[in-house]
Amino acid sequence: MRAIIYYDVEDFRVENVPTPKIGAEEILVKVRACGVCSTDLFRAIYHAAKPGSVLGHEIAGDVAEVGSGVTRFKAGDRVAVLHRAPCGACYYCRHGQEPLCDQYRKAGIEPGGFAEYIRVAPALVQKVVIKIPDSMTYEEATMTEPTACSVRAATKSVIEPGDTILIIGGGPLGLLNAQVAKFMGASQVIVSDHHDYRVKIAESLGVDYAFNARKVNVEGKVRELTDNRGADLVIVAVASTEAVHQSLKMVRCGGRICLFGDFRDVPQPNLNIDPKIILRDNIKILGSWGCSPQDYHVAFNLIKMGRVKVGEMITHVFPMEKFTEALRVMAGKRCLRVVINPSG
Ligand SMILES: [Zn+2]
Ligand SMILES: [Zn+2]
């Protein structure tokens, strides 16, 4: 089969590799679409991937083959696949903190989503493979994983009906967070970004207020929209130290800040936080990374029922051979979700 092999910074090659063999409790999935995550982009441009590895984890495709012990799926089923599953039994799993589970931190697919076929491990087959209806495209189904991460952030941040929520960063994850927040009862969702292109898409997705922070004083706007209090919750959906500093100026006293952008990609975030503010203003800062199987199923239903609109967010689809071009498009920011079709 063909797969995109990482060699070095910006050096990806489409090569022939052996098609994975499956065990009795496993399935083989022919990948029809795999989203390019900003973490893939980061690894591609800067470092971080092991030479020889295959990236890609936002996956949808067709079941090509099932192991002898698998009864829930058959060849030909259209499915969305989450690339990892927690054990369900360890200390963290028992505390509802599945992303901290050791098993969760190991990928359960081989070799990776940017390949023609993937082997899906038993725990995943049991917990996080979902059949997708005819009404849902493969590209839309790839949005289940990022939506699930947003569902988790919203749940952990405890959104209350009537909340005003500010989302810093209008990329795909920012706009998924915005839609999930709206669904969970926020009365006002405000998105700030640095690109007019994304501000326009935010507006078209039903975000109440979207601002280009290079042109508009977002802090002033947030104050104006909240009787000068600040937002009940700020979700920082970019891995930017500056954005965290800003969030502290725009959250209300007693409010919450959720760090969501992936700071693993920022070697030295150099946060400069005055503890007095956290203490006296009763600010709660939390982090949300990853998702549980439950989040994945909730996200799937939100997409299926049209509560979270993902079709409009898919702006580019490329075949494997154009992966480098896909990365270039993503770096340019005139896009939202970019998807690779390994069967195209
Ligand atoms: Zn991702
Ligand atoms: Zn566990």
So for atom [atom1], which belongs to [X], do other residues, nucleotides or ligands contribute more than 12 heavy atoms lying within a distance under 6.0 Å?
{"X": "Asp274", "atom1": "CG", "result": "yes"}
{"X": "Asn217", "atom1": "CG", "result": "yes"}
{"X": "Phe318", "atom1": "CZ", "result": "yes"}
{"X": "Lys284", "atom1": "NZ", "result": "no"}
{"X": "Gln97", "atom1": "CD", "result": "yes"}

Let me see the working for Asp62 and Tyr138 under side chain to side chain contact (heavy atoms under 4.5 Å, CB included), right down to the final yes or no. CA-CA 9 Å; Asp62 298 324; Tyr138 296 111; 2.5 Å; yes

Cluster overlap [X] with [Y], hydrophobic side-chain contacts below 4.5 Å:
{"X": "Met330", "Y": "Met313", "result": "no"}
{"X": "Val66", "Y": "Ile132", "result": "yes"}
{"X": "Val81", "Y": "Met1", "result": "no"}
{"X": "Phe183", "Y": "Ile159", "result": "yes"}
{"X": "Ile27", "Y": "Phe300", "result": "yes"}

Close side-chain approach of [X] to [Y], heavy-atom, < 4.5 Å:
{"X": "His297", "Y": "Thr144", "answer": "no"}
{"X": "Val191", "Y": "Arg198", "answer": "no"}
{"X": "Glu160", "Y": "Asp232", "answer": "no"}
{"X": "Val234", "Y": "Leu248", "answer": "no"}
{"X": "Leu173", "Y": "Arg337", "answer": "yes"}
{"X": "Ile190", "Y": "Lys221", "answer": "no"}
{"X": "Leu327", "Y": "Glu10", "answer": "no"}
{"X": "Leu225", "Y": "Thr164", "answer": "no"}

Minimum heavy-atom distance between [X] and [Y], given as atom pair plus value:
{"X": "Met136", "Y": "Arg78", "result": "O-NH2, 2.8 Å"}
{"X": "Ile109", "Y": "Gly56", "result": "CD1-O, 4.0 Å"}
{"X": "Gln103", "Y": "Ala123", "result": "NE2-CB, 3.5 Å"}
{"X": "Val120", "Y": "Val29", "result": "CG2-CG2, 3.9 Å"}
{"X": "Arg32", "Y": "Ser343", "result": "NH1-CB, 3.8 Å"}
{"X": "Ala3", "Y": "Val17", "result": "CB-CG2, 3.9 Å"}

Looking at [Y], is its backbone amide N or carbonyl O close enough to the side chain of [X] to form a donor-acceptor pair, meaning the two atoms are under 3.5 Å apart?
{"X": "Arg307", "Y": "Met305", "result": "yes"}
{"X": "Asn212", "Y": "Arg214", "result": "yes"}
{"X": "Asn301", "Y": "Val298", "result": "no"}
{"X": "Glu98", "Y": "Pro293", "result": "no"}
{"X": "Ser288", "Y": "Phe260", "result": "no"}
{"X": "Asp193", "Y": "Gly170", "result": "yes"}
{"X": "Thr315", "Y": "Leu336", "result": "yes"}

Show, in sequence, the C-alpha distance, side-chain angles and deciding distance for Ile168 and Met250, and conclude whether the side chain to side chain contact (heavy atoms under 4.5 Å, CB included) test is met. CA-CA 10 Å; Ile168 304 180; Met250 294 192 275; 4.1 Å; yes

Roughly how far apart are [X] [atom1] and [Y] [atom2], rounded to 0.5 Å?
{"X": "Arg252", "Y": "Leu166", "atom1": "CZ", "atom2": "CG", "result": "13.5 Å"}
{"X": "Cys291", "Y": "Tyr296", "atom1": "SG", "atom2": "OH", "result": "8.0 Å"}
{"X": "Ser135", "Y": "Ile303", "atom1": "OG", "atom2": "CD1", "result": "11.5 Å"}
{"X": "Thr19", "Y": "Arg2", "atom1": "OG1", "atom2": "CZ", "result": "11.5 Å"}
{"X": "Leu124", "Y": "Ile118", "atom1": "CG", "atom2": "CD1", "result": "8.5 Å"}
{"X": "Ile130", "Y": "Lys304", "atom1": "CD1", "atom2": "NZ", "result": "9.5 Å"}

If the threshold is 4.0 Å, N to carboxylate O, is there a salt bridge linking Arg105 and Asp102? no

Is Asp77 salt-bridged to Arg72, going by a charged N under 4.0 Å from an acidic O? no

Using side chain to side chain contact (heavy atoms under 4.5 Å, CB included) as the criterion, list what pairs up with Ser157, not counting sequence neighbours. Leu233, Cys258, Leu286

According to the interplanar angle, ranging from 0 to 90°, do the rings of Phe12 and Tyr6 count as parallel (below 30°), tilted (30 to 60°) or perpendicular (above 60°)? perpendicular

Would you say the side chains of Tyr7 and Glu15 form a donor-acceptor pair under 3.5 Å? yes

Which side-chain N or O atoms in residues 82-94 pair as donor and acceptor under 3.5 Å with protein atoms at least two apart or in another chain?
residue, atom, partner, partner atom, Å
His83, ND1, His57, O, 3.4
Arg94, NH1, Ala89, O, 3.0

Is there a side chain to side chain contact (heavy atoms under 4.5 Å, CB included) between Glu25 and Val125? Walk through the geometry before answering. CA-CA 8 Å; Glu25 307 297 329; Val125 175; over 6 Å; no

Worked verdict on Leu55 versus Ile4 for side chain to side chain contact (heavy atoms under 4.5 Å, CB included): CA-CA 8 Å; Leu55 303 176; Ile4 304 173; over 6 Å; no

